[in-house]
Amino acid sequence: MESILKYINRETTKFKYLNLIISGGNSPLFFFKKISGDKKKLRKISFYLTDERLVDKKSKYSNYNNFKKISQSCIIKSPQDYRNKKKKLRLFSELKRNPIISIIGIGKDGHYASIFNKSKKLSLLLDHCKKPDILITEAIGKPKVKRATINLSTILLSKKIFIIINSKQKKNYFVKCVANKINPLYTLVKHSKKKLCVLNAKTLKNYNFKLNEKKI
């Protein structure tokens, strides 16, 4: 049994409900296909996207749309819908009711959850002392559009954080970022501590390498 699915199976037996924060992009899609086929398990899980491109939800660039193509039965909540203060308070109240597990994919440039190294709001997004929040970025990335994204403090609410990597190139880049203290991946690893697990996207099993903790 793949490690991530085994872990979630164990957690769903321990707790009445779980919150799964899942990032957009291609890396987490195989995991989502696997878990969305288990209807019994889905009754105990609420899905929240880490980020969304501010485009129409039916657009091919919409993370929400890409996940709904895989499973129409899953209720997926997007940060795009929680931008005003009242709705944000409701979102974080929901999240804190149950244990949180984060499933994070990374881009070729090391970004995750629409947190890009060249973002004008990078310091705000990565400040772990800030309250959990949703921020709107400038137009950035591919496609170059504005994005709604959770900050690092929101991810750190998680009981467990899985980083899913879908290529050797990304694996090598991940190790390079951590070893050379390149944001935003370095900051995520630094503050995740023992919560973090890095997985191969195709097998959902642990990568057989250890991060050099002395450099973090």
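Numbers here are sequence positions counted from 1.
Leu42 and Tyr17 fall into different hydrophobic clusters, where Ile, Leu, Val, Met, Phe, Trp and Tyr side chains are chained together by heavy-atom contacts under 4.5 Å. Under the 4.5 Å side-chain heavy-atom criterion for ILVMFWY residues, a single connected hydrophobic cluster contains both Ile45 and Ile70.
Residue Ser114 forms a side-chain hydrogen bond (donor to acceptor under 3.5 Å, both in side chains) with just one option from Asp51, Thr50, Asn63, and that option is Asp51. The residue from Lys88, Arg83, Lys85 that alone fulfils the salt bridge (charged side-chain N to carboxylate O under 4.0 Å, His left out) condition with Asp133 is Lys88. Exactly one residue among Asp127, Leu125, Thr187 makes a side chain to side chain contact (heavy atoms under 4.5 Å, CB included) with Leu152. That residue is Thr187.
Contact check on Glu94 versus Lys77 returns a salt bridge, with a Lys/Arg side-chain nitrogen under 4.0 Å from an Asp/Glu carboxylate oxygen. Contact check on Asp81 versus Lys87 returns no salt bridge, with no Lys/Arg side-chain nitrogen under 4.0 Å from an Asp/Glu carboxylate oxygen. Salt-bridge annotation for Glu138 and Arg147: absent, with no side-chain N of the basic residue lying under 4.0 Å from a carboxylate O of the acidic one.
For the residue pair Ser59 and Asp56, no side-chain donor N or O sits within less than 3.5 Å of a side-chain acceptor on the partner. A donor-acceptor pair shorter than 3.5 Å can be found between the side chains of Ser62 and Glu52. Side-chain N/O atoms of Ser71 and Ser36 include no donor and acceptor closer than 3.5 Å.
Lys202 and Asn166 make their closest contact through CE-O, 4.4 Å (heavy atoms, listed as atom of the first residue, atom of the second, distance). When all heavy atoms are compared, the tightest approach of Leu185 to Gly110 is CG-O, 3.4 Å. The two atoms that bring Ala148 and Pro79 nearest to each other are O-CG, 3.6 Å, heavy atoms only. Residues Ile106 and Lys170 come closest through the heavy atom pair O-NZ, 3.0 Å. The two residues Asn19 and Leu95 make their nearest non-hydrogen contact at ND2-O, 2.8 Å.
Looking only at distances, no side-chain donor or acceptor of Thr154 sits under 3.5 Å from a matching main-chain atom of Ile150. Side chain of Lys195 to main chain of Ser158: a donor-acceptor pair is present (N/O by atom type, distance under 3.5 Å, no hydrogens or angles). Side chain of Asn180 to backbone of Lys176: a donor-acceptor contact under 3.5 angstrom is found. In this structure a side-chain-to-backbone donor-acceptor pair under 3.5 Å is present from Ser153 to Lys130. For the pair Lys160 (side chain) and Ile100 (backbone), a donor-acceptor distance under 3.5 Å is absent. Formation of a donor-acceptor pair under 3.5 Å by the Ser119 side chain with backbone atoms of Phe116 is not found in this model.
A ring-centre distance under 6.0 Å is found for Phe47 and Phe32. For Phe31 and Phe162, the gap between ring centers reaches or exceeds 6.0 Å.
For NZ of Lys108, the number of neighbouring non-hydrogen atoms (other residues, nucleotides, ligands) closer than 6.0 Å is 12 at most.
Within the 4.5 Å cutoff, side-chain heavy atoms of Ile115 are placed close to those of Leu122.
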